Amino acid sequence: MLHRHARAACAAVAAAGALLVAGLSGSASAGVRPAAPTVPGAAQTLRTADAPPALLHAMRRDLGLSLPQARLRLANEAEAGATAGRLRAALGRHFAGAWVRGAESGTLTVATTDARDVAAIRARGARAVVVRHSLASLDAAKARLDRAADRRGTTDTPVWYVDVRTNTLVVQAVRPAAVARLLAAAGVGPALVRTSKFAERPRPLYDLRGGDAYYIDGSTRCSIGFPVTRGSQQGFASAGHCGRAGSTTTGSNRVAQGTFQASVFPGNDMSWVATNGNWTATPYVNGSSAQVTGSTQATVGASVCRSGSTTGWHCGTVQQLNASVTYQEGTVSGVTRTSVCAEPGDSGGSFISGSQAQGVTSGGTGDCTSGGTTYFQPVNPILQAYGLTLKTTASGPSDPGNPGDPGGGTWSAGTVYQAGDTVTYGGAAYRCLQGHQAQPGWEPPNVPALWQRA
């Protein structure tokens with residue numbers, strides 16, 4: 001555990017398999033009738049053009065992109081995510097995952113277990129691969145490993161995740177012999193699993209700055225992940241290992257700030273702090289012009305950037321969703337594995353893709369000199385678990401968590417929706433394509449990147 005004390009630290013198709021933002025729109029017919037009114041595309045809905053300068057600079061440095069290439073990549077990744085969501089809904093139980101690749105083109109690959117789906121995938125402008133295992137079956141096997149980890153030590157097999165690119169359940173092991181014991185305890189057959197040698201043990205990354213530094217019980221330091229509201233109460237989300245329920249916090253200016261209302265670690269790595277009346281939630285990251293406009297989950301392979309108090313902005317890509325990692329304190333499940341580097345003092349800070357909040361820094365290996373792997377706790381489960389509303393540019397200063405117009409149906413602003421969830425709105429049924437927290441202006445008919453008619 002890295003624990004630093006204050007006094008010590010103080011869908012148009014450009015080519016088969018390529019999604020190019022030029023010509024992409026939110027409806028299949030937009031490319032045929034360009035003069036007709038069109039619904040907003042995913043890039044417009046997710047406001048990729050609002051990506052902050054600091055994030056774009058980090059993408060230039062870490063991903064080797066020019067400024068136009070960085071902007072184009074964010075736009076293409078947004079469109080690819082929407083297409084992947086539509087194909088996931090269409091393929092159903094045959095769906096085996098999706099990922100993007102490429103600097104500007106944002107090539108989308110979608111895997112299926114049924115060769116008859118290939119034509120439908122290609123028709124959406126994506127590359128198709130036929131694999132043996134569905135994503136549902138691999139996720140089910142991973143869930144069995146998660147349950148087994150609750151009953152036994154897994155420090156010798158500290159990381160496991162579903163790798164959609166190789167269609168396997170990967171177990172990273174310090175001692176490979178321990179893999180067989182874990183699989184036997186979980187009842188998972190070796191045919192699903194690929195073992196990877198792992199030389200380092202992940203650890204929580206303390207003292208981080210997702211927005212600004214804060215201090216816990218006058219001693220340790222962490223960082224704000226994302227400002228949130230709960231009714232009229234304002235506060236912020238952060239990592240669970242930063243503090244326990246009842247712990248008090250002071251801000252970076254050492255002024256009394258708030259109290260931890262809830263915290264989970266290990267198992268998950270999530271917490272939230274309710275602040276006093278001297279503090280106001282804003283949609284900014286790191287006190288700069290970085291603004292949060294939503295929490296739509298990024299696709300595997302998409303670019304993602306992190307802000308922390310030790311190392312500032314750094315970028316990489318999403319490697320796997322729903323990973324599990326074992327720290328000395330226990331196993332944390334449901335985290336996202338990334339190629340972004342981090343160092344002690346970066347824990348709890350903001351992970352963001354474009355203008356979409358992704359999660360709070362949990363832990364990892366390596367550093368920002370030689371490179372490393374970092375895991376983040378996704379923000380949507382934090383919002384859902386504690387009934388929080390992410391502070392975004394869509395909400396006014398005195399309007400925390402406006403429930404919005406339900407349109408005579410079950411859709412509601414402030415609710416966290418997962419891919420596959422169904423709602424009604426305006427007399428019609430809709431299926432969620434990408435995980436996100438709903439907000440005013442994102443009603444299902446208005447955002448085809450997030451919803452489609454069921």
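The shown structure was predicted, so the numbers you read here are calculated from the model rather than taken from an experiment.
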task = Apply side-chain contact (heavy atoms from CB on, under 4.5 Å) to the pair V332 and Y375, showing each step before the final yes or no.
result = CA-CA 10 Å; V332 175; Y375 304 86; over 6 Å; no
task = Please assess V340 against F376 for the test side-chain contact (heavy atoms from CB on, under 4.5 Å), listing each intermediate value before the final yes or no.
result = CA-CA 10 Å; V340 185; F376 68 79; over 6 Å; no
query = Which is it for L56 and R71 under the side-chain contact (heavy atoms from CB on, under 4.5 Å) test, yes or no, and what are the steps along the way?
reply = CA-CA 8 Å; L56 293 170; R71 292 188 182 279; 3.5 Å; yes
message = One pair to check against side-chain contact (heavy atoms from CB on, under 4.5 Å): V170 and Q320. What are the steps and the verdict?
response = CA-CA 10 Å; V170 176; Q320 282 84 28; over 6 Å; no
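Using a 4.5 Å heavy-atom threshold, the side chains of N322 and Y161 count as separate. Between T392 and Q437 the shortest side-chain heavy-atom distance does not fall below 4.5 Å. Inter-residue side-chain proximity for R165 and V300 is flagged as met; some heavy-atom pair is nearer than 4.5 Å. Counting heavy atoms from C-beta on, the side chains of V110 and F95 come closer than 4.5 Å. Looking at heavy atoms from C-beta onward, V285 lies out of side-chain contact with P52 at the 4.5 angstrom threshold. A heavy-atom distance below 4.5 Å is found between the side chains of V159 and P202. Counting heavy atoms from C-beta on, the side chains of K142 and W160 come closer than 4.5 Å. Side-chain contact check for R88 versus L433: every heavy-atom pair is 4.5 Å or farther apart.
Within the 3.5 Å criterion, the main-chain N or O of L67 finds no donor-acceptor partner in the side chain of Q69. The backbone N or O of G363 sits less than 3.5 Å from a side-chain atom of Y327, completing a donor-acceptor pair. S339 places no side-chain N or O within 3.5 Å of a backbone atom of G316 that could act as its donor or acceptor partner. A donor-acceptor pair under 3.5 Å is formed between the side chain of R61 and the backbone N or O of W313. In terms of modelled atom types and a separation under 3.5 Å, the side chain of R230 and the main chain of G235 share no donor-acceptor contact. Under the 3.5 Å distance criterion, the side-chain polar atoms of S353 are matched with a main-chain donor or acceptor of S303. Judged by distance alone, with hydrogens and angles left aside, the side-chain atoms of T424 form a donor-acceptor pair with the main-chain N or O of T410 at under 3.5 Å. Here the side chain of Q297 pairs no donor or acceptor atom with the backbone of S295 at under 3.5 angstrom. Remark: the backbone N or O of S137 is paired with a side-chain donor or acceptor of S134 at under 3.5 angstrom. Counting only distance, with no hydrogens or angles, the side chain of T338 and the backbone of T374 share a donor-acceptor pair below 3.5 Å.
When all heavy atoms are compared, the tightest approach of V292 to A357 is CG1-CB, 3.9 Å. Closest approach of V164 and W99 over heavy atoms only: O-CZ3, 3.3 Å. The minimum heavy-atom distance between V100 and E77, with the atom names listed, is CG2-CG, 4.4 Å. The heavy-atom pair separating Q356 from T293 by the smallest distance is NE2-OG1, 2.9 Å. Between A245 and Q261, the closest heavy-atom pair is CB-O, 3.9 Å. Here the closest non-hydrogen pair linking I216 and G243 is CG2-CA, 4.4 Å.
Between the SG atom of C432 and the CH2 atom of W411 there is a distance of 12.0 Å, given to the nearest 0.5 Å. Note: D146 CG to S324 OG = 3.5 Å, rounded to the nearest 0.5 Å. Atom OG1 of T229 sits about 8.0 Å away from atom CG of L388, to the nearest 0.5 Å. Distance check, rounded to the nearest 0.5 Å: OG1 of T249 to CH2 of W279 gives 8.0 Å. The distance from the OG1 atom of T336 to the CD atom of Q377 is 8.5 Å, given to the nearest 0.5 Å. Separating the OG1 atom in T220 from the OH atom in Y215 is a distance of 10.5 Å, to the nearest 0.5 Å.
Partner I121 forms a side chain to side chain contact (heavy atoms under 4.5 Å, CB included) with one of T83, T109, T112 and no other, that one being T112.
Between Y417 and H436, the ring-plane angle classifies as tilted under the 30° and 60° cut-offs.
Side chain to side chain, H241 and D269 meet the donor-acceptor criterion of an N or O pair below 3.5 Å. A donor atom on one side chain and an acceptor atom on the other are found under 3.5 Å apart for T311 and R306. Under the 3.5 Å distance criterion, with hydrogens and angles disregarded, a donor-acceptor pair is assigned to the side chains of D217 and S247. Between W451 and N446, the side chains place no donor N or O within less than 3.5 Å of an acceptor N or O (distance only, hydrogens not considered).
Figure legend: cation-pi geometry between R221 and Y214 absent, as NZ or CZ is not positioned both under 6.0 Å from the six-membered ring centre and within 45° of its axis.
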